[in-house]
2 protein chains.
Amino acid sequence: MTRARRSDALSRERIVEAAVELLDATGEAGLTFRALSERLSTGAGAIYWHVANKDELRGAATDAVVASALAGVGAAAPREVLRAVGLALFDAIDEHPWLGTQLGAQMSRTPQGPTTPRLLEAIGRPVSALGVPEAAWFTATSTVMYYVLGAAGQNAVNGRAGSAELDRTAFLDAAATAWEELDADDYPFVRRVAAQMRDHDDQRQFVDGLDAVIAGILALHPPGR
Amino acid sequence: MTRARRSDALSRERIVEAAVELLDATGEAGLTFRALSERLSTGAGAIYWHVANKDELRGAATDAVVASALAGVGAAAPREVLRAVGLALFDAIDEHPWLGTQLGAQMSRTPQGPTTPRLLEAIGRPVSALGVPEAAWFTATSTVMYYVLGAAGQNAVNGRAGSAELDRTAFLDAAATAWEELDADDYPFVRRVAAQMRDHDDQRQFVDGLDAVIAGILALHPPGR
DNA sequence: ACCTGAACACCGTTCAAGT
DNA sequence: ACCTGAACACCGTTCAAGT
């Protein structure tokens, strides 16, 4: 019943864990050395003993979530594994909305960091198991990865306070309505497709697209016999 | 021979133009109301008369660059148009590296804004012209868009000072070397593919992947006769 | 070795006051 | 209507000083 107070020593692991919680609770802009040090009952500067700077902290938080999401993916047929990897990331973004915009930026900024190889390995193994010729492994895997990252970034919902489901409906409806009011000459396609977007199911659309990407890769890089 | 000084009145257009220049010259972190107002020889607060806040300013800069990139895409066979749209964005990111990470974030944050419909229209028209059944238009177009956005985010090179070509080579080499030194049991795929990544051609890989995505969409959503 | 917390050099944004 | 620039409430990061 006492007030929360320091029980363990500080460690990189505890800091990253707290950063994830803070990001979940307050979003991208809420991750602050001051807020984080308060949550850890320590001084702002103490964090710098374990983490070089804010970029590294964000990167570590991103990687921790990705690692834990991918850990749940089991062995199966290549196509199933690819779907499972994609959906694991999809679910992770649902739980940690900040991940969507963070993931792509993180990976392009520091491909030497842990997250890029982690995701590349998770996608590349099933892609190679599909029978794609080795010369095309990197290209084929990158194609899937680009698709997954693009979808991830796009499906990051803004907040999670209250009913996420209602928020999402209102959000999509507002966008669809705006689309329907666009100029008829400049935006015929968008106007025509606005209703489809209002009613679409994120997850189903994601899996459909992923299946298409896989089919296309196999068509362009057919397994040798 | 006089010092640069205010010649025209401020306008949203001039502000956005200056923001793009500032982003090009100093990167994401360099876009500051103080730096921007200095460049425009005005007070920091003056900008707020024309622009609501920094998010809107970033969004306007992103949209201006995307609009100008897409303006150069001419009419042609659907497949060519899709390649041209993709490459136009690719080139724009080459000239404005900050665009890579900005584009995806921007579109997911404000799909009511101008950039999402702009890109959706540019990709959706050729996709529908490909003969994809109307019921699949939104899904198919989103698939291409996700791929393009993911690739865009990933291919944003960090700086452009000095020789971008040399920077790129060193950047890829560093990443490839790091990949080759990963644990052999945990990262067999990444290690095996590191050399392919060191030598890959961004643009060629992007077009290859785009062709695969298109092929896959046509396989899953074949044109009705 | 690890932590404290004040201090520094910045930010975005607001707003009374000017023209 | 549009602009000025000081002021406010923040930031990330550093670093002498403590234990």
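We use all heavy atoms of the structure for the numbers below, so side chains are in, but hydrogens, waters and symmetry mates are not. Naming convention: chains lettered A, B, ... in sequence-line order (proteins, then strands); numbering from 1 in each chain. Just so we're clear, the structure is a prediction, and the values are computed from it rather than from any experiment.
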(Q) Under a plain distance cut-off of 3.5 Å, with no hydrogens placed, do B/Q205 and A/Y146 share a side-chain donor-acceptor pair? (A) yes
Q. Donor-acceptor pair, B/S108 side chain versus B/A105 backbone, under 3.5 Å?
A. yes
Q) Just the dot-bracket of DNA chain D, please: which string comes out with Watson-Crick or G-U pairs under 3.5 Å, [ ] for crossing, | for another strand? A) ||.|||||...|||||.||
Q: Compare side-chain N and O positions of A/W49 against OP1 and OP2 of C/dC3 and report whether any pair is under 4.0 Å apart.
A: no
**Q.** Rounded distance in Å - CD1 (B/I15) to C1' (D/dC3)
**A.** 11 Å
With the criterion being N/O to N/O and under 3.5 Å, what pairs connect the protein with nucleotides 9-16 of chain D, and how long is each?
from   : atom 1 : to    : atom 2 : distance (Å)
D/dC11 : N4     : A/R34 : NH2    : 3.4
D/dG12 : OP1    : A/K54 : NZ     : 2.5
D/dG12 : OP2    : A/F33 : N      : 3.1
D/dG12 : N7     : A/R34 : NH1    : 2.8
D/dG12 : O6     : A/R34 : NH2    : 2.8
D/dT13 : OP2    : A/Y48 : OH     : 2.9
D/dT13 : OP2    : A/K54 : N      : 2.9
D/dT13 : O5'    : A/Y48 : OH     : 3.1

(Q) Does anything in residues 56-67 of chain A form a salt bridge (Lys or Arg N to Asp or Glu O under 4.0 Å)? List the pairs, not counting sequence neighbours. (A) A/R12-A/E56, A/E28-A/R58, A/D55-A/R58, A/D63-A/R118
Q. Sequence neighbours excluded, which residues qualify as salt bridge (charged side-chain N to carboxylate O under 4.0 Å, His left out) partners of A/R198?
A. A/D173, A/E180
Q. Counting just side-chain N and O atoms, does A/H50 come under 4.0 Å of either OP1 or OP2 of C/dA1?
A. no
**Q.** Single hit among A/L149, A/L120, A/V85, A/V213 for side-chain contact (heavy atoms from CB on, under 4.5 Å) with A/V144
**A.** A/V213
Q) So, are B/R191 and B/D183 salt-bridged, with charged N and O less than 4.0 Å apart? A) no
Can I get a per-line list of side-chain donor-acceptor pairs under 3.5 Å for residues 30-38 of chain B, giving both atom names and the distance, sequence neighbours left out?
from  : atom 1 : to    : atom 2 : distance (Å)
B/S37 : OG     : B/F33 : O      : 2.9
B/S37 : OG     : B/R34 : O      : 2.9

Q: Apply side chain to side chain donor-acceptor pair (under 3.5 Å) to B/R39 and list each qualifying residue two or more places apart in sequence or on a separate chain.
A: B/E21
